[in-house]
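For ligands, and for the atoms within them, numbers begin at 1 and follow the listed sequence. Note that these values count all heavy atoms, side chains included, but never hydrogens, waters or copies made by symmetry.
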Amino acid sequence: MGSVVDDGKKEALQEAHRSLLADLNPTVVFVLGGPGSGKGTQCANIVEHFGFTHLSAGDLLRAEIKSGSENGTMISDMIKEGKIVPSEVTIKLLERAMLENGNDKFLIDGFPRNEENRAAFEDVTKIGPSFVLYFDCSEEEMERRLLSRNQGREDDNIETIRKRFKVFQESSLPVIEYYNSKGKVRKIDAGRPIEEVYESVKAIFAPKDEKVNGHRHTLMECLILFWMKWCRVIAAIVTKISDPMSIETSQINCFANGDCFHRTYSNAHSPCFVGVATPVTTYAYRTTLSTEHQY
Ligand SMILES: Nc1ncnc2c1ncn2[C@@H]1O[C@H](COP(=O)(O)OP(=O)(O)OP(=O)(O)O)[C@@H](O)[C@H]1O
Ligand SMILES: Nc1ccn([C@@H]2O[C@H](COP(=O)(O)O)[C@@H](O)[C@H]2O)c(=O)n1
C-alpha cells in the first residue's frame, strides 16, 4: 500500500493525464457485441484501412494480469467468472493506452460493458463516442466461434461462455439501447462470413469526403459535357448560317441523344436514389442508407 504522499502524487499524475487526453479530444468509436461476435477480427481490418488504433478492454485487462499488477488476481477472478471488472480499473488502462499511443482515433472494443462503465467513462474522460459499432450475432454462432477460437483463453469454455452471454444480455445490451436512443448505433449483421461483415463495416467508415468529392467531380463532368454540347450546337448553327447545305443531322442528334450521361454510385444495399435531370444529361446519384445500419 502506498503512503498518503504517494497517493497524492498518483492522483495529480492521473489528473494531468486526463487533462492531456481532454486536450487531445480523440475520436472514439465503441465496438460492442456479444462474446465471439467478431469485434476483434473486424477491428483489425478497420485499423489496416482507416488509421484507427484498436484498444481492446479485454486485452488490456489480460495484459494487466500478466504485468503482475496489484489488481491482477481480482481481474483474473472476474474474467474467469465472465464478470465485469470495476470501471475505475478499466478506464485507467484505457486512458493510459490512449495517451501512450498518441493517435487521435480509437476503436474501443468491448467497452463500455455496462451502465457503470459508460457513465464513468464519459464522466471521467469527458469523451463521448462518435458512434457505436454493434455486431449483432446469434448465441449459437458466437458459441461455435468461441469454442473453436483456440487462443488459450481461460474464459473460452462452455461454462464461462454461458455466463458471458448472460452478462451481455443483462448488462451490455442496455448500453447499446442507451446509445441507440441517441441515434449513435450502427448495427451490423455479424452472423455472415468475415469478408461480408467487413463490407458492411467499410461502408460505415468510408470517409464522407470521398463521397462528397466524388459527387462534385461528377457534377463537374456533367457541366463540362453540357457545355461542350452547347458549343457543338452553336458551331453547327454558325456553320448552317454561313453555309446552309453543310450541316449533318448527326450534329444535332448527338446533342439530343448521343451523349446522355448516366452515372450511378451504389454500394449494394437498399439505395436511396436521387436524380437530377437536365434536357441533355441525366445525373444519378445513389447513396446507401442501408437499413442494416440502423439499430
Ligand atoms: N464472421 C465470422 N465468421 C466466422 N468466424 C469468425 C467471424 N468473425 C470472427 N470469427 C472467428 O471467431 C472467433 C472470435 O472472433 P473475435 O475474437 O473477433 O470475437 P470478439 O467479438 O472479439 O470476441 P471476444 O469478445 O470474446 O473477445 C475467432 O476465432 C475469429 O477468427
Ligand atoms: N469493459 C470490460 C471488458 C472486459 N472485461 C472482462 O474481460 C473479459 C474478456 O473480455 P473480451 O472483450 O476480451 O471478451 C470479460 O468477460 C470481462 O470479464 C471487463 O470486465 N470489462
Looking at ligand 1, would [X] count as a contact under a 4.0 Å heavy-atom criterion?
X      : answer
Gly33  : no
Gly58  : no
Gly110 : no
Gln42  : no
Gln151 : no

What atoms of ligand 1 come within less than 4.0 Å of a heavy atom belonging to [X]?
X      : answer
Pro193 : 1 (N)
Arg164 : 26 (O)
Thr41  : 9 (C), 15 (O), 16 (P), 18 (O), 30 (C)
Pro35  : 25 (O), 26 (O)

Does an N or O anywhere in [X] fall below 3.5 Å from an N or O of ligand 2?
X      : value
Arg153 : yes
Lys83  : yes
Lys39  : no
Asp109 : no
Gly110 : yes
Gly58  : no

Measure across [X] and [Y] and return the closest heavy-atom pair with its distance rounded to 0.1 Å.
X      : Y      : value
Arg145 : Ala190 : NH2-O, 2.8 Å
Leu32  : Gly110 : CD2-C, 4.2 Å
Asp59  : Arg62  : OD1-NH2, 2.8 Å
Val175 : Glu115 : CG2-N, 3.7 Å
Val31  : Lys39  : O-CD, 3.6 Å
Ala97  : Leu55  : CB-CD2, 3.8 Å

Expected output: side-chain [X] to main-chain [Y] donor-acceptor under 3.5 Å:
X      : Y      : value
Ser130 : Val29  : no
Glu122 : Pro129 : no
Asn114 : Val167 : no

Phe30 vs Phe121 aromatic rings, parallel, tilted or perpendicular, using cut-offs 30° and 60°?
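Judged by the thresholds at 30° and 60°, the geometry between Phe30 and Phe121 is perpendicular.
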
Geometric class of the Tyr198/Phe50 ring pair [parallel <30°, tilted 30-60°, perpendicular >60°]:
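The rings of Phe50 and Tyr198 sit tilted, inter-plane angle from 30° to 60°.
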
Closest protein heavy atom (residue, atom, distance) for [atom]:
atom                    : result
atom 1 (N) of ligand 1  : Arg192 O, 2.8 Å
atom 7 (O) of ligand 2  : Ile79 CG1, 3.6 Å
atom 17 (O) of ligand 1 : Arg149 NH1, 2.8 Å
atom 12 (O) of ligand 1 : Arg145 CB, 3.3 Å
atom 13 (O) of ligand 2 : Arg62 NH2, 2.9 Å
atom 20 (O) of ligand 2 : Val85 N, 2.6 Å
atom 19 (C) of ligand 2 : Leu61 CD1, 3.5 Å
atom 7 (C) of ligand 1  : Ile194 CG1, 3.4 Å

Does any non-hydrogen side-chain atom of Val89 lie less than 4.5 Å from one of Met74?
yes

Taking the side chain as C-beta and beyond, is there a heavy-atom pair between Val197 and Phe135 under 4.5 Å?
yes

Ignoring angles and geometry beyond distance, decide whether [X] reaches within less than 3.5 Å of ligand 1 through its nitrogen or oxygen atoms.
X     : result
Gly38 : yes
Lys39 : yes
Gly40 : yes
Arg62 : no
Ser37 : yes

Quick one: do [X] and [Y] make a salt bridge, cutoff under 4.0 Å?
X      : Y      : result
Arg144 : Glu140 : no
Lys92  : Glu95  : no
Lys83  : Asp155 : no
Arg96  : Glu64  : yes
Arg162 : Glu139 : no

Quick test of your reading of the structure: of Lys163, Arg113, Arg164, whose heavy atom lies closest to atom 10 (O) of ligand 2?
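Comparing heavy atoms across Lys163, Arg113, Arg164, the nearest one to atom 10 (O) of ligand 2 lies in Arg113.
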
Please state whether Glu81 comes within less than 4.0 angstrom of ligand 2, counting heavy atoms only.
no

State the atoms of ligand 2, each with its element, that fall below the 4.0 Å cut-off from a heavy-atom position in [X].
X      : value
Asn117 : 1 (N)
Asp155 : 9 (C)
Ile84  : 20 (O), 21 (N)

Given that the side chain starts at C-beta and the backbone is N, CA, C, O, which of these parts of Ser148 lies under 4.0 Å from ligand 1, counting heavy atoms, or is it both or neither?
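Answer for Ser148: neither.
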
What part of Arg153 sits under 4.0 Å from ligand 1 if we count only heavy atoms: the side chain, the backbone, both or neither?
side chain

Could you tell me whether the side chains of Arg113 and Thr90 share a donor-acceptor contact shorter than 3.5 Å?
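Looking only at side-chain atoms, Thr90 and Arg113 do not form any donor-acceptor pair under 3.5 Å.
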
More than 12 foreign heavy atoms under 6.0 Å from NZ of Lys126: is that the case here?
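Result for NZ/Lys126: enclosed.
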
